[in-house]
Amino acid sequence: MSRLFILASLILVFSMIMAIPMEVSSFAIANFDTPILTPSQAIYNEPWVGTIEYTYAYTTHTDEFNALLDGKVDFITLTHVSEINELKTAPYNQTAFLAIAPQESFGQIVFAFGNNLTSNIYFRYAISSLINPENVTSYVLDNGILGVDEPYFVNPSLAVYKQWFNPQVESYYQQYESYNLTRAVMYLEMVPGITHKNGQWYYNNQPLKLTFYYTYPPNTLKRFAELLADSAAAINLSITPVSETFGTLITQATTPPYNDFNLTTFGWINLGPFPNSWMNGIYTSPGNVGGFSNSTVDQVLQNALNAPTLSQEINYTMQAEYLLQQQLPYVVYTWSNGIQAVYLPGWANYIYLSSGTPNYAINIMDVHPTNQALNGTFIFSSISSDLPRHINIYASTSLYAFNTLDDMYDSLGISPLNNPTQVLPWVASSWTVQKPVNLTLPNGEKIVNGQVITVNLVHNDTWIDGVPLTAYDVNFTVWYYDLPGMMGTNTFDGVTLNYTYLASEGFINTDLFGTIPSLVWTNVTNPYQIVFYLNSSSYVNEYLVLTEYPIMPAHTIGPVNVVTLYHSTLAPEISSGPYMFSSFNSEAKTVTVTYNPYYFRINPLIFLQNVTAGTPVNFTANFQYYTWDNATSSLVANPVNGTAYMWLMYLNVSGEGYSNATAPVQMKMVSPGNYVGTINTTGLKPGIYEIVSKVTWDNGARELFRYGSLNVSASHVTTTTTTPPTTTTTTSSTSTIAIVAGVIVVIVIVAVVVAVVRRR
């Protein structure tokens with residue numbers, strides 16, 4: 001997730017219906033009504049649309065396709081080539097926009113390493129030698145529309161992975177594992193227990209009959225299964241394709257002793273921009289690869305994850321790729337495409353990730369109704385079988401649950417869409433990194449050539465119940481998801497957890513549990529600063545610390561028994577992100593969120609008023625805090641009875657940085673939760689100012705913010721002037737990163753064309 005906004009000279013005029021009466025006029029937001037944006041045009045603010053409804057009401061992709069063309073949904077995923085081809089002929093600016101992008105996602109054949117036959121390396125080489133990548137791409141993947149068969153553990157075709165790809169892997173594959181039926185026979189004959197008599201295959205003196213289990217998407221995988229079976233039949237080997245449910249398949253493939261199947265298939269999605277990170281997560285866990293375990297691979301991947309420089313990380317990862325290609329824990333047969341279509345009429349600012357994507361070819365971060373913001377309902381469709389079991393920030397792991405959860409919960413930093421290996425500050429306002437570091441921590445842990453990351457948080461991010469989001473929430477989140485090695489019973493922030501019990505009983509978030517192995521300690525130095533200690537100096541670990549964890553509210557999650565929480569359909573949905581929970585309707589198969597008007601990164605230009613300097617400006621703000629009702633599993637709005645103030649900040653005023661432009665003035669509560677204040681604009685320079693209003697209550701323990709903006713023009717005064725001689729002045733500026741005595745201080749430097757607001 002990435003949100004920042006760019007001030008440009010383009011002036012767009014629109015009218016909006018707001019919950020709070022306010023004069024709305026012209027303002028500068030680049031490309032505001034452009035239907036499709038490139039990643040470099042993304043506007044890193046949210047929220048933009050009033051409501052997002054995630055629907056799982058359609059049973060097939062064809063149903064979704066027809067609903068899109070009828071304008072009943074706004075976002076779908078396509079799997080049928082006929083429908084994809086139909087959309088290719090649709091005019092760009094009419095009904096739908098088709099987006100296809102290479103995806104950080106691969107599919108593979110999985111072997112059972114719990115039996116001697118399928119765990120044998122020559123058996124795996126034989127299966128690889130039966131697969132013709134050209135046939136897979138043309139027949140199974142419809143001439144590359146659905147993806148391509150890149151039979152490697154890193155895809156060189158993805159822009160973000162190009163520098164990580166080891167060309168020796170390709171040479172090895174071509175020599176030993178590429179399509180060759182004669183070589184497949186040779187490999188099978190080398191497997192202990194297999195005999196080949198009169199053209200027939202036997203294993204332990206019994207006819208060799210293999211079963212290949214496949215699941216979703218059934219049409220594509222059925223074609224692959226049939227292709228594999230036909231290729232095997234060419235050497236008189238029997239492989240029978242069998243359709244199986246995803247749940248059964250995954251259980252078979254990931255449960256010891258890994259011997260309940262011969263061959264199966266599943267895939268990985270949303271891998272991320274760093275192969276050393278996701279390869280470590282996949283291949284050092286036997287449960288992820290049907291029981292495969294290799295200590296040499298483990299060590300090289302550990303080196304790749306902890307190397308002190310990016311070039312060393314890449315070098316170790318290339319070594320791991322070569323080892324994996326030799327060992328073939330999987331046979332990779334497809335790198336997928338993300339294929340989505342979106343409804344165009346009435347919508348603007350879809351972001352097309354054409355050069356590569358973790359999941360979807362279209363990002364909807366900036367989507368809003370044409371000519372307006374914070375209105376409309378955007379309907380995001382996924383087929384009914386993808387309906388999440390729950391929407392729970394602690395327990396959810398599915399992509400579909402996190403489509404919603406990412407709307408509601410933030411991380412310290414985010415990745416810009418046009419450079420996914422970098423980090424932009426989000427809940428963090430800035431950070432510094434010291435490395436290499438050698439020290440002994442209070443818990444006795446020693447850091448050797450590690451790093452210390454000091455993160456400063458913004459001061460105006462709040463949970464929707466008015467509790468400020470602080471470093472204590474960040475610390476709670478990191479430890480609640482578990483730092484590596486913290487098995488046994490541990491107490492932190494007043495919460496006691498038995499991690500051994502939780503892990504053995506499966507009451508943990510497997511996607512986030514122990515995500516950053518080198519993270520060994522944290523220290524909250526003040527409410528808005530936290531220090532992370534890592535036994536590694538790699539950039540990847542720094543990236544993960546800043547972007548991996550969705551921050552949880554300690555004050556609402558902490559008191560809930562963790563086992564109860566894990567089994568809950570909904571956690572107490574006290575969020576802080578751009579959207580708030582609205583409903584989870586299991587009968588209608590919908591999950592709905594609505595915009596959070598108090599979000600600290602809402603774009604104040606949405607609420608722009610025009611004013612002449614010297615004219616008093618009235619500003620009205622509605623403040624409601626939300627509590628969670630367990631009985632109804634819903635949020636309850638409560639008007640705030642507190643003390644409110646408002647003031648102006650320089651936003652785009654010549655010669656002024658982002659800072660206070662006026663002193664705070666008190667606002668008057670005119671009805672429960674509604675406050676009005678007046679700002680004196682006398683003496684203000686021409687330019688754009690941010691209006692900040694803040695209410696506090698509960699003896700100052702709780703607070704909420706609302707924002708607006710003013711476009712102040714000079715008062716019209718007639719004067720007589722003498723034109724002075726013209727002078728031309730040239731100025732320049734530079735930014736540097738200081739490197740002193742082996743300690744690198746990394747400071748977030750923002751390009752001159754970008755205005756970053758409200759990082760207090």
Working to the nearest 0.5 angstrom, can you tell me the gap between [X] [atom1] and [Y] [atom2]?
{"X": "H459", "Y": "F600", "atom1": "NE2", "atom2": "CZ", "answer": "12.0 Å"}
{"X": "I282", "Y": "Q108", "atom1": "CD1", "atom2": "CD", "answer": "8.0 Å"}
{"X": "T357", "Y": "N359", "atom1": "OG1", "atom2": "CG", "answer": "6.0 Å"}
{"X": "N475", "Y": "T477", "atom1": "CG", "atom2": "OG1", "answer": "8.5 Å"}
{"X": "Q529", "Y": "L457", "atom1": "CD", "atom2": "CG", "answer": "9.5 Å"}
{"X": "I383", "Y": "K589", "atom1": "CD1", "atom2": "NZ", "answer": "10.5 Å"}

Give me the atom names and distance for the closest heavy-atom approach of [X] to [Y].
{"X": "G413", "Y": "V423", "value": "CA-CG1, 4.0 Å"}
{"X": "P572", "Y": "I557", "value": "CD-CD1, 4.2 Å"}
{"X": "Y625", "Y": "P639", "value": "CE2-O, 3.9 Å"}
{"X": "P578", "Y": "E46", "value": "CB-CB, 3.5 Å"}
{"X": "T251", "Y": "T255", "value": "O-OG1, 2.6 Å"}
{"X": "G488", "Y": "T500", "value": "N-OG1, 2.7 Å"}

Using a distance-only test with no angle check, is there a side-chain donor-acceptor pair under 3.5 angstrom linking [X] and [Y]?
{"X": "T118", "Y": "N115", "value": "yes"}
{"X": "Q302", "Y": "D298", "value": "no"}
{"X": "W479", "Y": "Y499", "value": "no"}
{"X": "E64", "Y": "S381", "value": "yes"}
{"X": "W521", "Y": "N523", "value": "no"}
{"X": "N306", "Y": "S538", "value": "no"}
{"X": "S518", "Y": "N535", "value": "no"}
{"X": "S429", "Y": "N456", "value": "no"}
{"X": "S396", "Y": "N392", "value": "no"}

Review point. Is the count of non-hydrogen atoms from other residues, nucleotides or ligands lying under 6.0 Å from N526 atom CG greater than 12?
Key: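 Yes.
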
Do [X] and [Y] have ring centres separated by under 6.0 Å?
{"X": "F274", "Y": "Y543", "value": "yes"}
{"X": "Y213", "Y": "F261", "value": "no"}
{"X": "Y54", "Y": "F75", "value": "no"}
{"X": "W48", "Y": "Y595", "value": "no"}
{"X": "F113", "Y": "F292", "value": "yes"}
{"X": "Y626", "Y": "W463", "value": "no"}
{"X": "Y472", "Y": "H555", "value": "no"}

I want to check something: taking the side chain as every heavy atom from C-beta on, are [X] and [Y] in contact at a cut-off of under 4.5 Å?
{"X": "V540", "Y": "E313", "result": "yes"}
{"X": "M408", "Y": "N596", "result": "no"}
{"X": "L519", "Y": "N541", "result": "no"}
{"X": "V562", "Y": "Y480", "result": "yes"}

Practice item. Evaluate the criterion side-chain hydrogen bond (donor to acceptor under 3.5 Å, both in side chains) for residue pair D410 and Y599; output intermediate values, then yes/no. Key: CA-CA 11 Å; D410 286 333; Y599 191 52; 2.7 Å; yes

Check your understanding: Among all residues two or more places apart in sequence or in another chain, which pass the side-chain hydrogen bond (donor to acceptor under 3.5 Å, both in side chains) test with T264?
Key ->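 Partners of T264 under the side-chain hydrogen bond (donor to acceptor under 3.5 Å, both in side chains) test: none.
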
**Study point:** Steps toward side-chain hydrogen bond (donor to acceptor under 3.5 Å, both in side chains) verdict (T60, D63)
**Key:** CA-CA 5 Å; T60 69; D63 292 338; 3.1 Å; yes

Practice item. Give the intermediate values and the outcome of side-chain hydrogen bond (donor to acceptor under 3.5 Å, both in side chains) for residues Y409 and E573. Key: CA-CA 10 Å; Y409 298 91; E573 302 293 353; 3.0 Å; yes

Point to revise | CA sep, side-chain torsions, deciding dist, call: N585, T590, side-chain hydrogen bond (donor to acceptor under 3.5 Å, both in side chains) | key: CA-CA 5 Å; N585 188 326; T590 60; 4.9 Å; no

**Study point:** Candidate list W335, F106, W278, Y283, test ring pair (Phe, Tyr, Trp, His ring centres under 6.0 Å), partner F153, passing option
**Key:**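 That would be Y283.
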
